[in-house]
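Quick notes on the structure that follows.
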Amino acid sequence: MTTSADLLADLVADVDGVFLFSPTGSTYDDYRVIDDEPAVVVAPENDHDAERYVELPLEFDNVRDRIRFGIEGAMDHGYCAEGDVIACAVGVFGDPIDGVVRTPVTESMHSGIFDLFANSRADPNVVRDVFDVAIELGKKGQKGKPVGALFVVGDAGKVMNKSRPLSYNPFEKSHVHVGDPIVNVMLKEFSRLDGAFVISDSGKIVSAYRYLEPGAEGVDIPKGLGARHMAGGAITRDTNAIAIVLSESDGLVRAFKGGSLVLELDPEEY
Ligand SMILES: Nc1ncnc2c1ncn2[C@@H]1O[C@H](COP(=O)(O)OP(=O)(O)OP(=O)(O)O)[C@@H](O)[C@H]1O
Ligand SMILES: [Mn+2]
């Protein structure tokens with residue numbers, strides 16, 4: 001008689017590794033070593049002091065993005081390689097783990113999401129802070145009205161040279177870090193969020209209201225998106241900056257690197 005355990009056994013037969021996504025303490029204690037191999041833990045913090053750990057800068061709501069990020073990070077750490085087959089224990093409908101996904105490790109895994117956080121000029125925590133601000137603005141808008149915004153992160157000197165002020169820069173003489181709680185309050189109070197925010201590698205807001213003037217030829221942006229996204233994409237091709245764009249027209253948060261769209265998130269899912 002076939003049992004449900006057989007179904008799971010088939011799913012995990014002959015895998016080369018097991019990844020635990022944000023495991024609880026008891027799950028980690030039960031499965032820290034499987035088939036004599038330490039499990040790889042993928043989570044925002046290494047709460048269980050796992051021997052093999054990949055930091056998850058955002059709890060990507062999209063499970064595919066989350067698994068891709070975890071596997072890309074694990075490849076980067078040498079915990080798995082192209083051609084391996086991995087069993088990912090993951091929370092599909094929120095916490096705790098409620099599903100197992102069997103996935104091969106292939107070159108196409110490189111969605112660029114890991115690269116966006118781990119291999120950009122800006123510190124990964126700065127990239128995560130900017131996403132948090134953009135997602136928060138996307139959820140709440142300004143005084144409840146949907147708003148768009150453009151954040152250019154890293155390589156600030158070069159970005160400033162390829163842009164000019166649209167109006168006075170409220171951050172001229174201040175030292176505000178994009179992760180400071182005050183930033184969310186400020187952005188809601190700003191009369192408008194025209195132009196781009198320029199943020200340094202370490203997360204200092206260098207300027208607001210910058211008009212970017214990169215070359216625009218050869219940058220593909222999704223149909224229906226206009227100058228804000230074009231400028232955000234193009235500046236990342238002309239500098240080592242990344243751009244995180246909140247669209248006023250469709251409410252999505254997008255990230256560009258090297259002139260390409262790398263990630264698209266819906267703030268409502270965070
Ligand atoms: N080169 C640029 N540099 C900085 N900001 C820009 C640039 N071009 C446009 N913007 C900003 O984007 C705002 C919206 O422009 P537009 O609607 O063409 O962009 P979009 O890509 O369609 O963005 P959204 O989806 O938010 O509407 C402008 O009001 C301006 O504040
Ligand atoms: Mn528009």
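Around NZ of Lys143, the count of heavy atoms belonging to other residues, nucleotides or ligands within 6.0 Å exceeds 12. Surrounding CZ of Arg64 are at most 12 heavy atoms belonging to other residues, nucleotides or ligands under 6.0 Å away. Surrounding OH of Tyr31 are at most 12 heavy atoms belonging to other residues, nucleotides or ligands under 6.0 Å away. Taking a 6.0 Å sphere around CG of Asp35, one finds it holds 12 or fewer heavy atoms contributed by other residues, nucleotides or ligands.
In this structure, CG in Leu212 is found 5.5 Å from CG in Leu150, a value given to the nearest 0.5 Å. Here the straight-line distance linking atom CG of Asp65 with atom CZ of Phe114 works out to 14.5 Å at 0.5 Å rounding. The SG atom of Cys88 lies 6.5 Å from the CZ atom of Phe19; values are rounded to the nearest 0.5 Å. Atom CG of Leu261 and atom CD1 of Ile221 lie 10.0 Å apart (nearest 0.5 Å).
Ion pairing between a basic and an acidic side chain is recognised when a charged N comes within 4.0 Å of a carboxylate O; Arg32 and Glu51 show no such pairing. Salt bridge Arg164/Glu213: present, at least one basic N to carboxylate O contact under 4.0 Å.
No donor-acceptor distance shorter than 3.5 angstrom exists from the side chain of Arg210 to the backbone of Gly195, with no hydrogens or angles considered.
For the residue pair Asp30 / Thr27, no side-chain donor-acceptor distance below 3.5 Å is found, with atom types taken as modelled. There is a side-chain donor-acceptor pair under 3.5 Å between Ser247 and Asp250. A donor-acceptor contact under 3.5 angstrom links the side chains of Ser120 and Lys257, judged on distance only. Defined by atom type and a distance below 3.5 Å, a donor-acceptor pair is missing between the side-chain atoms of Thr106 and Glu82.
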(message) Assess the residue pair Val42 and Val40 against the criterion (side-chain contact (heavy atoms from CB on, under 4.5 Å)); give the C-alpha distance rounded to whole Å, side-chain angles, the decisive distance to 0.1 Å, and a yes or no.
(response) CA-CA 6 Å; Val42 184; Val40 175; 4.3 Å; yes
(message) Assess the residue pair Asp6 and Thr3 against the criterion (side chain to side chain donor-acceptor pair (under 3.5 Å)); give the C-alpha distance rounded to whole Å, side-chain angles, the decisive distance to 0.1 Å, and a yes or no.
(response) CA-CA 5 Å; Asp6 297 334; Thr3 68; 3.3 Å; yes
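You'll find the ring centres of Phe117 and Phe131 inside the 6.0 Å limit.
Note on Leu58: it does not cluster hydrophobically with Leu20, by side-chain heavy-atom contacts below 4.5 Å among ILVMFWY residues.
Contact detail for Phe60 and Arg66: the closest heavy-atom pair is O-NE, 2.8 Å.
Ring-plane geometry between Phe197 and Phe190 is classed as parallel, the angle between the planes falling under 30 degrees on a 0 to 90 degree scale with a further cut at 60.
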